[in-house]
Amino acid sequence: MNFTEFLSEAKEGKNLHLEHLEDNVLNRGVRGARESINFLQALRDMLAGKSQSKVNVTTKWDGAPAVFAGVNPENKKFFVGTKGVFAKNPKLNYTNDDIDRNHPNPGLNEKLKIALAFLPKLGIKGVLQGDMMFTKSDLKTEKIDGERYITFQPNTIVYAVPVDSPLARSISAAQMGIVFHTSYSGNKLEDMRASFNIDIGHLSRTKDVWYRDASFVDASGTATFTQKETAQITAILSTAGRLFQTISSLTLNKIAASDVYNTQIKTFNNTKVRAGEKITNTTAHVNELIRYIETKMNKAILDAKQEQTKQKRLKEKNEVMRFYRTNSVQLKNIFDLMNLLVDAKIMVVNKLQEMKQVTGTFIRTDNGFKITNPEGFVAVDRLSGDALKLVDRLEFSFQNFTAAKAWDK
C-alpha cells in the first residue's frame, strides 16, 4: 500500500492533515521509515543540483481558515466549506443561509460568505482546497524598518509586501486572497481523492480574488547544497539507513497499527514541541514517556465510576505498559532514527529558507515585527503524489501551538 492509498484509507482520500516527515515512522512503520529516508534522499539530490528530481517542493502558507470550494458533482451546484465538507453529514454551503446555519462563529461566517461571493468567478472545475490568506478588511499598511508594506496576518505569520510593488497593487485590489494546494476529483464527494500535484492554470482571472498555488518560488535565483553540505546530509542519511536496519519491524509496525501507541507517543512528543525542547537524550526520553503514559492511565483508572470500567482500564494499562517496557530499547532506536531524519530535514529546510520568497514573513511582537521564516514546506512525489511536511517544529510548530487563534479553522 503506497502513501496515497494509505491516505485514502485513513482519511477517505482527503487532505485533512499532512503529517511531519519524521512522524511517518510512527504512522506507517517500516514503510513510513523507508519513505521518509527516500524523500530526504530525493530532496538532497534536488538541492545538490542533480537533474530530474523525484520530488516537487511546495511552500506551506500559514493561512486560515482552510477553505474547500468547487462544484458538487452530484447536483452541479457551487459550494464552499471547511473540513466538514467530507464528514458523514457534510456541511456544504450553497447559500449565505447555509453558512449561517453551519458556521455561526462570526469570524469564520464572514470569511466563508466572502469566499462564496467571489470564488465562483474562478470557474473552478472539481473541488479545490486552499488556505485563505486575507479578505479586504484584513489588509493594513504598516511600516517595517522604515519601509511601507501591505500586510495581512491570517494566522501566526504576518505577510508583508512593499506597497509600491505590482504584487501589492494586485493584493490591494482584491476582495480576498487564497493559496490553493490540493485538488479533488470523483463522481461523488465521498469518493473524491486528493492530488497534491495541483494545476490552477485553467482558473479564470478576476481582480476580486488574488490566488496562487503553493509551488515553491525562489525569487532570488537558485541555491544548492555545497559539496560539504551534500556530504554531510549523505552521512546523516547513511547512519539513518544503518540504524533503520537494526530496528524491529514488528515493533515499528505494531506502533503504526495501534491508534493507542501511535497517539500516546505523538502526544508526548508534542509536549516537547510545545515546551520548545529538543529531544537529545533518547534513553531519558523513553523513560519519561513510560512515566507519562502510566500516570495518564492511572488517572483514568481512578476516575472510573464503575468497578467493571476500572478493571477494564487496569487490564488495558497492564497490556500497554508491558509493550513499552518490553520495547524500551527499540523505542530508543526509533527516537534516534527520528532525530536523524529531523537533522537531515532541518538541513533541507534551512537551505530552502535561504531563498527569497514572494512575500516577507514576520512575527508580530510587543516590540514590533520580528523576521521569521515561512511556516515550512511540503515535499510531493512527482509520480505518486505522496506528500509530507517539512517544518522546523522547534521554531514554527512551537509558535503555532502557543499562538492565539482568531477562529476555528
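Electrostatic pairing of Asp208 and Lys121 counts as a salt bridge here, judged by a charged N lying under 4.0 Å from a carboxylate O. Salt bridge absent: Glu22 and Lys389 never bring a charged side-chain N and a carboxylate O closer than 4.0 Å. Classification of Asp199 and Lys125 as a salt-bridged pair fails, no side-chain N sitting under 4.0 Å from a carboxylate O. Ion pairing between a basic and an acidic side chain is recognised when a charged N comes within 4.0 Å of a carboxylate O; Lys317 and Glu294 show such pairing. For Asp336 and Lys332, the salt-bridge test passes: some basic side-chain N is under 4.0 Å from an acidic carboxylate O.
Between the side chains of Gln330 and Ser248, no donor N or O sits under 3.5 Å from an acceptor N or O. Judged purely by distance below 3.5 Å, without hydrogens or angles, the side chains of Thr230 and Arg44 never pair a donor atom with an acceptor atom. Lys113 and Asn109 form a side-chain donor-acceptor contact under 3.5 Å, judged by distance and modelled atom types alone. Looking at Asn24 and Glu19, their side chains never bring a donor and an acceptor atom within 3.5 Å of each other. For the residue pair Tyr94 / Asn72, a side-chain donor-acceptor distance below 3.5 Å is found, with atom types taken as modelled.
Remark: aromatic rings of Phe86 and Phe68 are close, center separation under 6.0 Å.
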Q | Intermediate values then yes/no, side chain to side chain donor-acceptor pair (under 3.5 Å), Gln129 and Tyr184 | A | CA-CA 8 Å; Gln129 178 184 352; Tyr184 296 89; 2.5 Å; yes
Q) When you look at Lys111 and Thr135, which way does the side chain to side chain donor-acceptor pair (under 3.5 Å) test go after all the steps? A) CA-CA 7 Å; Lys111 301 287 184 186; Thr135 55; 3.2 Å; yes
Q.
Please determine whether ring-ring contact (aromatic ring centres under 6.0 Å, His included) holds for the pair Phe323 and Tyr261, giving the CA-CA distance in whole Å, both sets of side-chain angles, and the decisive distance to 0.1 Å.
A. CA-CA 9 Å; Phe323 170 79; Tyr261 299 143; 4.1 Å; yes
Q. Where do Asn27 and Lys266 land on the side chain to side chain donor-acceptor pair (under 3.5 Å) test, with the steps shown first?
A. CA-CA 10 Å; Asn27 296 328; Lys266 289 201 294 184; 2.9 Å; yes
Q: Evaluate side chain to side chain donor-acceptor pair (under 3.5 Å) for Asp98 paired with His103, printing each intermediate quantity in order.
A: CA-CA 8 Å; Asp98 292 336; His103 307 282; over 6 Å; no
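Under the salt bridge (charged side-chain N to carboxylate O under 4.0 Å, His left out) criterion, Asp213 pairs with no residue at all, not counting sequence neighbours. Residues passing the salt bridge (charged side-chain N to carboxylate O under 4.0 Å, His left out) test with Glu277, sequence neighbours excluded: Lys272.
Taking 4.5 Å as the limit, some side-chain heavy atom of Leu237 sits within range of a side-chain heavy atom of Gln41. Two residues are said to be in side-chain contact when any heavy atoms from C-beta on lie closer than 4.5 Å; Ile293 and Tyr324 meet this criterion.
Other residues, nucleotides and ligands contribute at most 12 non-hydrogen atoms within 6.0 Å of the CD atom of Gln227.
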